[in-house]
Asks: 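My questions will all concern the structure given below.
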Amino acid sequence: MLNTQDRVVMVTGANGNLGSEVAKAFYEAGARLALVGRKAERVRNALPELVSQDRVVVTPSTDLTEDQAVHTLIDAVMETWGRIDVLANTVGGYRGGSSVHETSLETWHFLWTLNTRTAILLSRAVVPVMLEQGSGKIIHTGSRNAQQGSRNSGAYSASKAGVLRLVESLSAEVKTKGVNVNCVLPGTIDTSENRESMPNADFSRWVDPHSIAQVFVFLASDAAEAIHGAAIPVYGLS
């Protein structure tokens with residue numbers, strides 16, 4: 001098992017299907033956790049076995065699309081743990097089903113805000129902390145669609161491509177200052193919601209959230225010290 005013993009890991013979207021698995025994986029690897037969600041109660045309900053542990057805190061409810069809220073979050077985590085060694089950002093969402101010219105501007109804005117803006121705001125807020133420390137790991141969640149768009153998912157693909165370009169640019173800026181910036185690119189994640197929406201798919205070809213979580217732990221470990229600006233595909237068999 002990769003070791004992140006005593007490192008402070010801030011997991012955003014901690015109540016989600018992926019975020020909860022990422023939180024569990026880092027806890028098992030010995031980390032101290034700051035679990036972040038839009039609603040703190042949802043985080044507690046999703047991870048009852050973790051939130052009572054001494055190495056875990058649930059941060060106040062936070063809207064990660066708001067700049068001031070993100071800075072307040074960073075201040076709260078610093079007050080609790082005194083440092084932030086890893087940002088494991090799993091916040092994101094999907095809307096699809098229509099062509100580019102038929103996709104509403106509201107959907108374009110929604111996906112950019114949820115997927116791209118949150119990654120930008122979190123990066124802007126946490127990088128100064130890591131530069132002051134002289135070390136840190138930032139891991140964002142992209143998507144297979146970040147590398148190649150597909151029909152009827154233009155807004156989603158564009159928003160995730162924005163995350164990938166952010167990771168590459170930020171990494172080029174901070175990699176010589178002790179900070180690693182990378183992202184994980186999941187394929188279709190095997191969740192109950194995805195099974196319900198695609199009942200005729202071959203679920204055995206999808207990727208398990210636990211497998212994706214292990215990649216997050218790897219990127220946060222010393223074993224990934226030489227990896228900068230990478231987009232790690234985690235597609236399962238799809």
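What you see below is based on every heavy atom in this structure, not just the backbone, and it leaves out hydrogens, waters and symmetry mates.
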Asks: Any donor and acceptor pair, going by atom type alone, linking the side chain of Ser61 with main-chain N or O of Ala40 inside 3.5 Å?
Replies: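 Such a contact is found between Ser61 side chain and Ala40 backbone.
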Asks: With sequence neighbours left out, write down each residue that passes salt bridge (Lys or Arg N to Asp or Glu O under 4.0 Å) with Arg124, or none if nothing qualifies.
Replies: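 With neighbours one apart ignored, the set is empty.
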Asks: Could you go through residues 171-178 and list every donor-acceptor pair under 3.5 Å that involves a side-chain atom there, pairing it with any protein atom two or more places apart or in another chain?
Replies:
{"residue": "Ser171", "atom": "OG", "partner": "Gly229", "partner atom": "N", "Å": "3.0"}

Asks: Between atom CZ of Phe216 and atom CG of Leu87, what is the distance when rounded to the nearest 0.5 Å?
Replies: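 It comes to 9.0 Å.
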Asks: Can you get from Leu122 to Phe110 by hopping between Ile, Leu, Val, Met, Phe, Trp and Tyr side chains that sit under 4.5 Å apart?
Replies: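 They do share one cluster, since a chain of ILVMFWY contacts under 4.5 Å joins Leu122 to Phe110.
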Asks: Sequence neighbours excluded and cut-off under 3.5 Å, please list the side-chain donor-acceptor pairs for residues 45-58, or say none.
Replies:
{"residue": "Asn45", "atom": "ND2", "partner": "Glu41", "partner atom": "O", "Å": "3.3"}
{"residue": "Gln53", "atom": "OE1", "partner": "Tyr27", "partner atom": "OH", "Å": "3.3"}
{"residue": "Gln53", "atom": "NE2", "partner": "Glu49", "partner atom": "O", "Å": "3.4"}
{"residue": "Arg55", "atom": "NH1", "partner": "Tyr27", "partner atom": "O", "Å": "3.3"}
{"residue": "Arg55", "atom": "NH1", "partner": "Ala31", "partner atom": "O", "Å": "2.6"}

Asks: For residues 225-238, pull every pair meeting salt bridge (charged side-chain N to carboxylate O under 4.0 Å, His left out), keeping only residues two or more places apart or in separate chains.
Replies: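 Of all non-adjacent pairs touching residues 225-238, none passes salt bridge (charged side-chain N to carboxylate O under 4.0 Å, His left out).
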Asks: Please round to the nearest 0.5 Å and tell me the distance separating atom CZ of Arg38 and atom OG1 of Thr118.
Replies: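 Answer rounded to 0.5 Å: 11.0 Å.
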Asks: Side chains of Ser159 and Thr116: donor-acceptor distance under 3.5 Å anywhere?
Replies: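 Not at all, the side chains of Ser159 and Thr116 share no donor-acceptor pair under 3.5 Å.
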Asks: If we only count heavy atoms from C-beta on, is the Val127 to Ile138 side-chain gap below 4.5 Å?
Replies: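 SC-SC contact between Val127 and Ile138 confirmed.
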Asks: Out of curiosity, Asp202 CG to Asn200 CG, how far, rounded to the nearest 0.5 Å?
Replies: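 Reported to 0.5 Å precision, the distance equals 11.0 Å.
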Asks: If a pair satisfies ring-ring contact (aromatic ring centres under 6.0 Å, His included) and one of its residues is in residues 37-91, list it, with sequence neighbours excluded.
Replies: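 Qualifying pairs: none.
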Asks: Considering residues at least two apart in sequence or located in another chain, which fulfil the ring-ring contact (aromatic ring centres under 6.0 Å, His included) criterion with Tyr156?
Replies: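 Per chain and number, Tyr156 pairs via ring-ring contact (aromatic ring centres under 6.0 Å, His included) with Tyr94.
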Asks: Do you know which two heavy atoms are closest between Val91 and Gly13, and how far apart they sit?
Replies: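 Scanning both residues completely, I find the closest heavy atoms to be CG2-N, 3.6 Å.
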Asks: For Leu18 and Ile212: C-alpha separation, side-chain torsions, deciding distance, then whether side chain to side chain contact (heavy atoms under 4.5 Å, CB included) applies.
Replies: CA-CA 8 Å; Leu18 177 57; Ile212 304 170; 3.7 Å; yes
Asks: Using the side-chain contact (heavy atoms from CB on, under 4.5 Å) definition, which of the options Glu168, Lys160, His140 pairs with Cys183?
Replies: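 Going through the options one by one, the only one that passes is His140.
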Asks: How many angstroms lie between atom CG of Leu170 and atom CG of Asn182, to the nearest 0.5 angstrom?
Replies: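 CG of Asn182 is found 10.5 Å from CG of Leu170.
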Asks: For Glu132, does the CD atom have more than 12 heavy-atom neighbours from other residues, nucleotides or ligands under 6.0 Å away?
Replies: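 Not more than 12 within 6.0 Å, no.
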Asks: Determine the sole option in Thr90, Thr59, Asn89 for which the side chain to side chain donor-acceptor pair (under 3.5 Å) test with Thr12 is passed.
Replies: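 Only one of Thr90, Thr59, Asn89 forms a side chain to side chain donor-acceptor pair (under 3.5 Å) with Thr12, namely Asn89.
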Asks: For Arg95, give me all partners under salt bridge (Lys or Arg N to Asp or Glu O under 4.0 Å), at least two apart in sequence or on another chain.
Replies: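 In terms of salt bridge (Lys or Arg N to Asp or Glu O under 4.0 Å), with neighbours along the sequence ignored, Arg95 is linked to Glu106.
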Asks: Can you name the salt bridge (Lys or Arg N to Asp or Glu O under 4.0 Å) partners of Arg7, sequence neighbours left out?
Replies: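 By the salt bridge (Lys or Arg N to Asp or Glu O under 4.0 Å) rule, Arg7 matches Asp222.
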Asks: Grab the two heavy atoms, one from Val184 and one from Pro186, that are nearest each other, plus how far apart they are.
Replies: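 Heavy-atom minimum between the residues: O-CD, 3.3 Å.
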Asks: Looking at Ala146 and Leu185, what are the two nearest heavy atoms and their distance?
Replies: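 Smallest heavy-atom distance, with atoms named: CB-CD2, 4.3 Å.
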Asks: Could you tell me which non-hydrogen atom of Val215 sits nearest to which non-hydrogen atom of Val234, and how far apart they are?
Replies: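 That would be CG2-CG2, 3.8 Å.
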Asks: Which hydrophobic side chains are connected to Trp112, either touching it within the sub-4.5 Å cutoff or through other members that do?
Replies: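 Trp112 shares its hydrophobic cluster with Ile120, Leu166.
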Asks: Just verifying a value: how many Å separate Thr113 OG1 and Glu66 CD, rounded to the nearest 0.5 Å?
Replies: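 These two atoms lie 9.5 Å from each other.
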Asks: Of all heavy-atom pairs between Leu237 and Ser204, which one has the smallest distance, and what is that distance?
Replies: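 Closest approach of Leu237 to Ser204: CD1-O, 3.9 Å.
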Asks: Taking all atoms of both residues into account, what is the closest heavy-atom pair of Ser238 and Arg144, and its distance?
Replies: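 The pair with the smallest heavy-atom distance is OG-NH1, 3.0 Å.
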Asks: Suppose the criterion is salt bridge (charged side-chain N to carboxylate O under 4.0 Å, His left out): which pairs have a residue in residues 76-86, not counting sequence neighbours?
Replies: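 Output for this query lists Arg83-Asp85.
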Asks: According to ring-ring contact (aromatic ring centres under 6.0 Å, His included), who are the partners of Phe203, at least two apart in sequence or on a separate chain?
Replies: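 Here the qualifying residues are Trp206.
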Asks: Find the distance between OG1 (Thr107) and NE2 (His109) and round it off to the nearest 0.5 Å.
Replies: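 Taking OG1 in Thr107 and NE2 in His109, the distance rounds to 11.0 Å.
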Asks: With sequence neighbours left out, which residue pairs that include part of residues 148-158 fulfil the salt bridge (charged side-chain N to carboxylate O under 4.0 Å, His left out) condition?
Replies: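 As it turns out, there is no salt bridge (charged side-chain N to carboxylate O under 4.0 Å, His left out) pair with a partner in residues 148-158 once direct neighbours are skipped.
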